[in-house]
Amino acid sequence: MPLQRITLTLARSKEYPNGSAAHGYEMVAPLDGNGHLEAGEWAKAKQACTVRRFWADEEFDLGHLVHRGGSKGGSWAFTYDIAGDEDDEAGFRFGTHSFNIGDYVSIRDEDGVMHTFTVSLIEPA
């Protein structure tokens, strides 16, 4: 199963009524035929499963997509600091959500704030 490059952009919110293409994530991950994250394939290619956080004028954050197992697809997060002194950003129910163009997914940032994103692009990595 080839890896996919998935771009998530900020969905409309109180602060951004039209959403924002300048705020989001670009991640590389394996998806099954229905657009779900595939944990078995991730385990085979986890070093290649990266994430780039872009947030308007801030510097990019570069990290990895991590899977922690568990029921219902397990928990998924973005980690930017392997040493462990920076908090991860958790994907809300990434184990059960699909990643297809137009789908909505939510991510809890390092400050604990939940943001909703739209899957805006999927292409081979």
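All values below were derived from every heavy atom in this structure, side-chain atoms included, with hydrogens, water molecules and symmetry-related copies excluded. What you are looking at is a predicted structure, and each value in this text was computed from that prediction instead of being measured.
- Judged purely by atom type and a 3.5 angstrom limit, S98 has no side-chain atom pairing as donor or acceptor with the backbone of N34.
- Going from atom OH of Y104 over to atom OG1 of T118 covers 4.5 Å, rounded to the nearest 0.5 Å.
- Exactly one residue among D61, T50, I107, L62 makes a side-chain contact (heavy atoms from CB on, under 4.5 Å) with F78. That residue is I107.
- R12 approaches P17 most closely through the heavy-atom pair CB-O, 3.1 Å.
- Less than 6.0 angstrom separates the ring centroid of W55 from the ring centroid of H115.
- Under the 4.0 Å criterion applied to side-chain N and carboxylate O atoms, E26 and R53 are not assigned as salt-bridge partners.
- Closest heavy-atom contact between E110 and E89: OE1-OE2, 2.7 Å.
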Carefully, step by step, assess Y16 and H23 under the rule side chain to side chain contact (heavy atoms under 4.5 Å, CB included).
CA-CA 10 Å; Y16 294 96; H23 298 81; 3.2 Å; yes
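- In terms of modelled atom types and a separation under 3.5 Å, the side chain of N100 and the main chain of D103 share no donor-acceptor contact.
- In this structure the side chain of Q47 reaches within 4.5 angstrom of the side chain of H64, judged on heavy atoms.
- I101 and I122 make their closest contact through CD1-N, 3.6 Å (heavy atoms, listed as atom of the first residue, atom of the second, distance).
- E38 places a side-chain N or O within donor-acceptor distance of the main-chain N or O of G40, the cut-off being under 3.5 Å.
- In plain terms, the two heavy atoms of L3 and A48 that are nearest each other are CD1-CB, 3.7 Å.
- Cluster membership for Y80 and W42, using ILVMFWY side-chain heavy atoms within less than 4.5 angstrom, is shared.
- Side-chain contact between P2 and P30 is absent, with no heavy atoms from C-beta onward closer than 4.5 Å.
- With rounding to the nearest 0.5 Å, the separation of CZ in F94 from NE2 in H67 is 12.0 Å.
- Counting non-hydrogen atoms of other residues, nucleotides and ligands closer than 6.0 Å to CD of E59 gives a total of 12 or fewer.
- Contact detail for S20 and T9: the closest heavy-atom pair is O-CB, 3.8 Å.
- Not less than 6.0 angstrom separates the ring centroid of F54 from the ring centroid of Y25.
- Between Q4 and P124, the shortest heavy-atom contact is OE1-N, 3.7 Å.
- By the 4.5 Å heavy-atom criterion applied to side chains, L8 and V119 are counted as neighbours.
- Annotation: the span from M27 atom CE to L37 atom CG amounts to 5.0 Å, rounded to 0.5 Å.
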Report the C-alpha distance between R108 and D88 in whole Å, list the side-chain angles of each, state the deciding distance to 0.1 Å, and finish with yes or no for salt bridge (Lys or Arg N to Asp or Glu O under 4.0 Å).
CA-CA 9 Å; R108 185 176 309 281; D88 292 346; over 6 Å; no
